Amino acid sequence: MPHYPIEVRLPWMLMGTSSVEWTVAGRRLAAAAGTVVGERYDANYDVLHLDPDRPLAVVADGMGDGPGSRAAGRTAVDVFVSRAQFDPGSLRAAVAEVQTAVREAGRPLPGLTGCTLTAFAAGPDGAWLVQLGDSRAYRLRDGLLELLTVDHTVAWLGLLHGWFAAGSAEASVASRRLTRYAGHPDEPEPDLLNVALRSGDALLICTDGVSDQVGYDRLASLLATAAGPAAAVEAILEESLTPGDDNATAIVIRVS
């Protein structure tokens with residue numbers, strides 16, 4: 001069963017972490033997850049799931065701070081976890097059910113009901129990353145931190161096509177315009193990425209409250225030097241509280 005130590009200092013710094021271990025194709029995977037509220041919101045609209053029984057980790061980030069944001073994240077994670085199996089067809093089918101469920105959850109609610117959905121699922125045929133939105137998955141391997149997922153935002157498209165410069169006001173506004181998300185009326189499909197698991201790898205799945213607030217070099221350093229996944233999660237979330245402008249959620253998986 002997962003262990004839930006909770007550290008309390010100030011309300012906006014409330015942090016809890018959970019830890020599990022899985023075995024996949026003879027490899028040991030140690031995983032930990034945690035989340036913080038930050039200073040911008042009075043509640044946490046991120047939702048995470050770290051499964052105690054099977055190699056499955058999921059994070060969702062609600063869009064905005066209204067009732068639709070809360071409903072979308074909770075619905076997306078609950079439906080995906082209940083439906084997900086460990087092959088690409090089943091994962092796509094699970095996301096399709098998420099799309100329907102999130103839209104249904106939003107019908108009686110004012111405003112937008114939507115969220116990101118990023119997941120790690122591993123089975124006999126390998127490990128899969130599932131991606132909708134701008135929550136991210138990174139891999140630290142041999143000292144190199146790689147971004148494995150693509151942000152489904154207008155900002156990402158703009159940077160690729162040279163519409164505006166990174167860090168510009170235009171890029172900042174465009175980063176809040178998601179091109180794919182759970183609850184989208186056009187039911188966009190997720191990206192699915194098959195990833196090999198190598199001893200020494202560290203995977204990070206996180207919301208934009210981490211990736212926007214903790215720089216690349218700092219993320220690489222924290223993942224490389226932390227004593228284990230729980231220590232890495234706590235250090236990353238602590239770092240996100242320096243700006244504290246958003247809910248921040250991190251899941252770290254180490255392979256041995």
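Everything numeric here is computed off the predicted structure, so don't read it as measured data.
At least one donor-acceptor pair under 3.5 Å links the side chain of Y45 to the backbone N or O of D65. Here the side chain of S168 pairs a donor or acceptor atom with the backbone of A165 at under 3.5 angstrom. Side chain of S240 to main chain of G209: no donor-acceptor pair is present (N/O by atom type, distance under 3.5 Å, no hydrogens or angles). Put simply, the side chain of R180 gets close to the backbone of E189: a donor and an acceptor are under 3.5 Å apart. Distance alone, capped at 3.5 Å, places no donor-acceptor pair between the D186 side chain and the P188 backbone. The backbone N or O of A43 sits less than 3.5 Å from a side-chain atom of N247, completing a donor-acceptor pair. Counting only distance, with no hydrogens or angles, the side chain of S221 and the backbone of D217 share no donor-acceptor pair below 3.5 Å. Distance alone, capped at 3.5 Å, places no donor-acceptor pair between the D208 side chain and the S211 backbone. Under a 3.5 Å cut-off, the side chain of W22 and the backbone N or O of R54 do form a donor-acceptor pair. Using modelled atom types, one side-chain atom of S69 and one backbone atom of G64 make a donor-acceptor pair closer than 3.5 Å.
Considering all non-hydrogen atoms of both residues, T149 and W156 come closest at O-CH2, 4.2 Å. Across all non-hydrogen atoms, the minimal contact from S135 to V59 is CB-CG1, 4.3 Å. Nearest heavy-atom pair across S256 and S199 is CA-OG, 3.7 Å. Residues A119 and V58 approach most closely at CB-CG2, 4.0 Å, considering heavy atoms. Considering all non-hydrogen atoms of both residues, P185 and R103 come closest at CA-CD, 4.2 Å. The two atoms that bring V130 and P190 nearest to each other are CG1-CB, 3.9 Å, heavy atoms only.
Side-chain contact between L91 and F80 is present, with heavy atoms from C-beta onward closer than 4.5 Å. Looking at heavy atoms from C-beta onward, L145 lies in side-chain contact with L219 at the 4.5 angstrom threshold. L157 is listed as a side-chain neighbour of W163, based on a closest heavy-atom distance under 4.5 Å. Considering only heavy atoms from C-beta on, V102 stays 4.5 Å or farther from Q99 through its side chain. Looking at heavy atoms from C-beta onward, E234 lies in side-chain contact with T17 at the 4.5 angstrom threshold. Residues T179 and T153 fail the side-chain proximity criterion, which asks for heavy atoms closer than 4.5 Å. Between V210 and L237 there is a side-chain heavy-atom pair separated by less than 4.5 Å. Considering only heavy atoms from C-beta on, L204 stays 4.5 Å or farther from I251 through its side chain.
A single hydrophobic cluster is seen to contain both V24 and V195, as judged by linkage of ILVMFWY side chains at heavy-atom distances under 4.5 Å, directly or through other members. Using a 4.5 Å cut-off between side-chain heavy atoms of Ile, Leu, Val, Met, Phe, Trp and Tyr, with links allowed through other members, L109 and M63 fall into different hydrophobic clusters. Placement of Y138 and L132 in two distinct hydrophobic clusters is found when ILVMFWY residues are connected by side-chain heavy-atom separations under 4.5 Å, directly or transitively. By the criterion of side-chain heavy atoms lying less than 4.5 angstrom apart, applied directly or through intervening Ile, Leu, Val, Met, Phe, Trp or Tyr residues, L147 is not grouped with V154; the two fall into different hydrophobic clusters. A single hydrophobic cluster is not seen to contain both I205 and L56; linkage of ILVMFWY side chains at heavy-atom distances under 4.5 Å, directly or through other members, places them apart.
Applying the 6.0 Å contact sphere to CG of N194 captures more than 12 heavy atoms from other residues, nucleotides or ligands. Within 6.0 Å of CZ in R177 there are 12 or fewer heavy atoms belonging to other residues, nucleotides or ligands.
Under 4.0 Å is where a charged nitrogen must lie from a carboxylate oxygen, and between D151 and R136 at least one such pair does. In this structure, R40 does not pair ionically with D245, as no charged nitrogen and carboxylate oxygen lie closer than 4.0 Å. Remark: E21 engages R28 in a salt bridge, criterion side-chain N to carboxylate O under 4.0 Å.
Distance CZ/R92 to CH2/W128: 8.5 Å, rounded to 0.5 Å. Note that OG of S90 is 12.0 Å distant from CZ of R83, once rounded to the nearest 0.5 Å. Rounding to the nearest 0.5 angstrom, the gap separating the OG1 atom in T118 from the CG atom in L129 is 8.5 Å. Separating the OG1 atom in T75 from the CZ atom in R70 is a distance of 12.0 Å, to the nearest 0.5 Å. Distance CG/L241 to CG/D246: 11.5 Å, rounded to 0.5 Å. For the atom pair CZ (R141) and CG (L148), the distance works out to 9.0 Å, reported to the nearest 0.5 Å.
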* Given side-chain contact (heavy atoms from CB on, under 4.5 Å), test I236 with E239 step by step and report yes or no. => CA-CA 5 Å; I236 289 168; E239 196 85 6; 5.7 Å; no
* Evaluate the criterion side-chain contact (heavy atoms from CB on, under 4.5 Å) for residue pair V255 and R27; output intermediate values, then yes/no. => CA-CA 7 Å; V255 184; R27 295 204 178 278; 3.7 Å; yes
* Asked: How far apart are the C-alpha atoms of D142 and R198, what are their side-chain angles, what is the distance that settles it, and do they pass the salt bridge (Lys or Arg N to Asp or Glu O under 4.0 Å) test?
  -> CA-CA 10 Å; D142 298 331; R198 182 187 299 177; 3.5 Å; yes
* **Step-by-step side-chain contact (heavy atoms from CB on, under 4.5 Å) determination, L144 to L140** => CA-CA 5 Å; L144 175 65; L140 181 70; 5.8 Å; no
* Please walk me through it: do T113 and R107 pass side-chain contact (heavy atoms from CB on, under 4.5 Å)? -> CA-CA 8 Å; T113 298; R107 290 190 189 281; over 6 Å; no
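Side-chain N/O atoms of T35 and N44 include a donor and acceptor closer than 3.5 Å. Side-chain polar atoms of H49 and D78 form no donor-acceptor pair below 3.5 angstrom. Donor-acceptor pairing under 3.5 Å is lacking for the side chains of D61 and T207.
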